[in-house]
2 protein chains.
Amino acid sequence: MVRNQSETRPAGPRPARPKDVRQGASIGGVGPDEPATLLTVARTAGVSKTTASDALRGSGRVSAETKARVLAAAAALGYVPNGSARHLRRASTGTIGLHVPEVLTRSVYYMAFVFGVVQGAADNDYDVTLITSGRRTPRVDGLVLGDPMADDPLVARLMGAGLPTVTCERFPGAGQADGVVLSQHAETVGALMDHLSASGASRPALIVAGDASDWAAAVHGGFRDWCARHDLEPLVRTVPFDAPADEVRRAARELLALRPEIDALVCGPAGAAAGIGPLLREEGRVPGRDLLLASCVDSQAMQLADPPITSIDLRPREAGVRCAELLFDLLAGRARPGAERVHPIELIVRDSTRRA
Amino acid sequence: MVRNQSETRPAGPRPARPKDVRQGASIGGVGPDEPATLLTVARTAGVSKTTASDALRGSGRVSAETKARVLAAAAALGYVPNGSARHLRRASTGTIGLHVPEVLTRSVYYMAFVFGVVQGAADNDYDVTLITSGRRTPRVDGLVLGDPMADDPLVARLMGAGLPTVTCERFPGAGQADGVVLSQHAETVGALMDHLSASGASRPALIVAGDASDWAAAVHGGFRDWCARHDLEPLVRTVPFDAPADEVRRAARELLALRPEIDALVCGPAGAAAGIGPLLREEGRVPGRDLLLASCVDSQAMQLADPPITSIDLRPREAGVRCAELLFDLLAGRARPGAERVHPIELIVRDSTRRA
DNA sequence: CTGTGATGCCGGAACGTTCCGGCATGCCGG
DNA sequence: CCGGCATGCCGGAACGTTCCGGCATCACAG
């Protein structure tokens with residue numbers, strides 16, 4: 001039922017079509033409120049559009065004098081390039097897609113990470129769009145995946161999308177992204193353990209999420225390695241990655257009751273350590289004296305706890321910036337697939353582990 | 001020194017220009033890795049590009065049978081519209097600009113707010129770009145300004161840019177944005193004061209930032225109004241909007257020393273209340289018993305403090321989503337300039353004000 | 001003088017979608 | 001029969017920038 005119009009139309013000249021009139025927009029920026037276009041700049045500078053474009057972008061061959069004239073015209077006109085036109089021509093989008101584990105989007109860590117990515121993108125004139133499982137994957141130039149989970153089907157799909165991809169920490173599943181920003185979690189946990197030991201702890205324990213993410217696996221591994229080096233059986237209690245604070249607190253209470261010899265507790269899940277202090281006080285124990293307390297994720301809650309809790313500052317915001325920048329380096333050819341960059345993290349010692 | 005090439009070129013036919021060959025891209029989606037274009041969908045469905053476009057967008061006049069055929073073709077091809085082409089044609093960008101007070105971008109509140117805006121934007125197929133003072137203002141379809149400060153020149157410039165603009169809280173300067181998302185801060189502070197009074201407090205005090213933002217002014221006003229209604233002289237200590245935690249803690253210490261009759265302290269600055277508990281303990285006082293403690297901004301640190309601190313949950317993430325959605329309503333003509341929407345906030349009562 | 005290379009400019013076509021108005025067909029009323 | 005209207009399709013042009021290759025001029029070497 002498809003009708004081919006060229007077959008049924010009577011032969012003869014087609015009436016001329018009236019021009020699509022649009023208030024001078026095709027000439028560009030002639031009205032007081034219309035953004036200047038490249039054509040406006042070119043006409044103002046008395047050159048062709050190609051020369052104007054080349055002068056502004058530093059491409060082609062343009063004399064210094066002509067370039068200065070074009071730059072001056074652009075500045076005087078407040079010219080801002082039309083990104084849509086540019087990206088259409090270049091088969092690009094100017095946008096990066098960002099994905100973080102959806103079960104934890106309320107986490108302070110991920111909010112800071114997202115902020116960092118948005119900030120890093122803005123610094124490179126890129127826009128950001130969040131990629132979620134309930135949404136058709138939009139066209140983007142590249143991807144940043146924060147803490148990719150092994151059991152997340154959306155992550156698997158994104159990893160296989162053929163787009164330049166950067167992950168924060170390694171993907172625990174098959175294959176690695178084009179770029180990885182990673183931190184020395186195991187080593188820093190080791191340093192934390194050394195510090196606890198130097199503060200007199202001899203029987204440390206760890207509460208950590210399962211190994212679905214590279215980060216949790218590294219924390220777990222770092223603790224186990226430290227115990228092996230010190231001839232200690234690792235005392236570990238595993239909780240789900242998205243366990244609520246109550247569940248972590250319950251796990252801590254059970255662990256401490258089961259093993260009263262524990263004298264230092266390291267909490268993996270973000271925020272968990274701050275909930276242990278009140279628990280200890282209920283039992284008449286003093287956090288930082290009767291039991292050393294540390295967290296693998298720093299936050300404002302750790303800083304403001306009583307006593308302030310020794311933590312590993314993961315600098316999530318800076319991690320986000322760093323991931324975005326590595327992606328732009330990949331997109332610009334300044335980095336090659338397989339690139340890995342170390343994001344520095346830091347052990348912050350506070351009163352919760354300063355036994356005097 | 002501008003050379004007009006048509007004047008110097010010898011008369012005669014211009015050699016035919018070789019076609020710009022690009023692997024079938026002008027036909028659209030013929031290669032296995034090339035995204036399908038509208039032309040691909042049209043050809044697959046056996047219709048014109050205009051009919052394909054109309055069928056996918058629900059515009060024009062398309063029969064149900066033809067529409068179904070086009071939708072099926074698009075689905076089979078995994079067609080994703082080229083946003084750059086669409087936005088170029090429509091003179092739009094598909095991007096919203098976001099600005100938050102730069103002095104406080106490390107604040108947990110603003111990171112959550114930014115996350116909410118990004119999330120709300122993604123739900124509406126919009127990208128987000130952060131607008132900062134060190135960057136040329138990009139082309140965007142509209143603006144979201146979080147807590148616009150009266151003394152921020154960038155905010156003044158953005159408010160005057162002629163773009164659809166939504167603010168979270170009112171702009172304390174001249175003029176208002178097209179849309180405002182606001183919360184009943186003064187009323188909720190009043191409810192908090194009622195609660196403190198019901199818990200036995202008779203001499204409350206407030207630490208708050210100056211009136212450079214609508215939020216701080218509302219908190220301050222709500223406290224003053226409550227005191228006026230209860231024949232109390234308002235006890236207020238003002239700190240800078242971006243005062244570090246140490247400074248707020250010092251202000252609290254001085255105020256409590258100056259006015260030992262104070263039996264309830266309300267902290268405006270985010271996170272500040274959590275730092276008062278340890279301060280009280282240093283003086284042998286018990287927070288929640290010897291002095292009631294409350295915060296005008298909830299966060300994880302308030303939840304995890306010892307004791308947990310009664311706070312006003314501003315729901316920053318949801319506020320961000322709400323601002324984004326109001327902007328899209330304005331852009332889509334679903335809301336008119338001058339629109340105001342109330343974002344619900346909630347008093348969360350915790351142990352810090354539960355004197356038994 | 002001729003040929004070559006460098007410099008600096010240029011116009012046309014491309015990108016993928018939307019918008020606009022034209023055209024063909026069928027139905028109904030006068 | 002003719003005219004008007006509704007329905008459903010259609011092609012051309014537009015959007016603003018980039019890419020490509022052509023052309024003119026000049027200087028230098030053989």
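Bear in mind the structure is a predicted one, so any value in this text is a computation, not a measurement. Numbers restart at 1 for each chain; the letters A, B, ... are given by sequence-line order, proteins then strands.
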Asker: Evaluate the side-chain proximity of B/Pro35 to A/Arg139: yes if any heavy-atom separation is below 4.5 Å, no if none is.
Answerer: yes

Asker: Under the 3.5 Å rule, do the base of C/dT17 and the side chain of B/Arg89 count as making a donor-acceptor pair?
Answerer: no

Asker: For A/His87 and C/dG16, what is the distance between atoms NE2 and C1' respectively, to the nearest whole Å?
Answerer: 15 Å

Asker: Could you give the CG-to-C1' distance, from A/Leu38 to C/dG11, as a whole number of Å?
Answerer: 14 Å

Asker: Separation of A/Leu88 atom CG from D/dA14 atom P, in whole Å?
Answerer: 16 Å

Asker: For a quick check, tell me whether the side chain of A/Thr50 and the base of D/dC19 share a donor-acceptor pair closer than 3.5 Å.
Answerer: yes

Asker: Closer to the 5' end of DNA chain D via nearest nucleotide, is it B/Thr51 or B/Ala85?
Answerer: B/Thr51

Asker: Where the side chain of A/Asp54 is defined as all heavy atoms beyond and including C-beta, which of C/dC10, C/dT17, D/dT17 is the nearest nucleotide?
Answerer: C/dC10

Asker: Should A/Arg170 and A/Glu340 count as an ion pair when the cut-off is N to O under 4.0 Å?
Answerer: yes

Asker: Taking only side-chain N and O atoms of A/Ser63, does any of them lie within less than 4.0 angstrom of OP1 or OP2 on C/dC9?
Answerer: yes

Asker: When you get a sec, tell me which of D/dT18, C/dT17, D/dG11 is the closest nucleotide to the side chain of A/Arg86?
Answerer: D/dT18

Asker: Does A/Arg61 reach a base, just sugar-phosphate, or nothing at all? Heavy atoms under 4.0 Å.
Answerer: base

Asker: If you measure only the distance, is there a donor-acceptor pair under 3.5 Å linking the side chains of A/His87 and A/Thr93?
Answerer: no

Asker: Would you tell me if any nitrogen or oxygen in the side chain of A/Ser84 comes within less than 4.0 Å of OP1 or OP2 on D/dG16?
Answerer: no

Asker: Take the protein atom CZ of A/Arg90 and the nucleotide atom P of C/dG16, then report the distance between them rounded to whole Å.
Answerer: 16 Å

Asker: What's the closest nucleotide to the B/Lys49 side chain, out of D/dC9, C/dG8, D/dG11?
Answerer: D/dG11

Asker: Does C/dG30 pair with anything, Watson-Crick or G-U wobble, both distances under 3.5 Å, and if so, with which nucleotide?
Answerer: D/dC1

Asker: Taking the side chain of B/Val62 as heavy atoms from C-beta outward, which of C/dT17, D/dC9, D/dT18 is closest to it?
Answerer: D/dC9

Asker: Less than 4.0 angstrom between a side-chain N/O of A/Ser53 and OP1 or OP2 of D/dT18, yes or no?
Answerer: yes

Asker: Rounded to whole Å, please give me the gap between CZ in A/Arg69 and C1' in C/dC9.
Answerer: 11 Å

Asker: Return the value, rounded to whole Å, for the distance between atom CD of A/Glu34 and atom C1' of D/dC15.
Answerer: 12 Å

Asker: Can you measure B/Lys67 atom NZ to D/dC9 atom C1' for me and round it to whole angstrom units?
Answerer: 16 Å

Asker: Starting from P on C/dT17, measure out to CG on B/Asn82 and report it in whole angstrom.
Answerer: 5 Å

Asker: Which of the following nucleotides, D/dC10, C/dC19, C/dG16, is nearest to the side chain of B/Ser48?
Answerer: D/dC10

Asker: How about B/Arg86 and A/Ser84: does a side-chain donor come under 3.5 Å of a side-chain acceptor?
Answerer: no

Asker: Given D/dC9, C/dT18, D/dC19, identify the nucleotide with an atom nearest to the side chain of B/Thr66.
Answerer: D/dC9

Asker: Is a side-chain donor or acceptor of A/Thr44 paired with a backbone partner of A/Thr40 at a separation under 3.5 angstrom?
Answerer: yes

Asker: Would you say A/Thr129 and A/Arg135 are linked by a side-chain donor-acceptor pair, where the criterion is simply a distance under 3.5 Å?
Answerer: yes

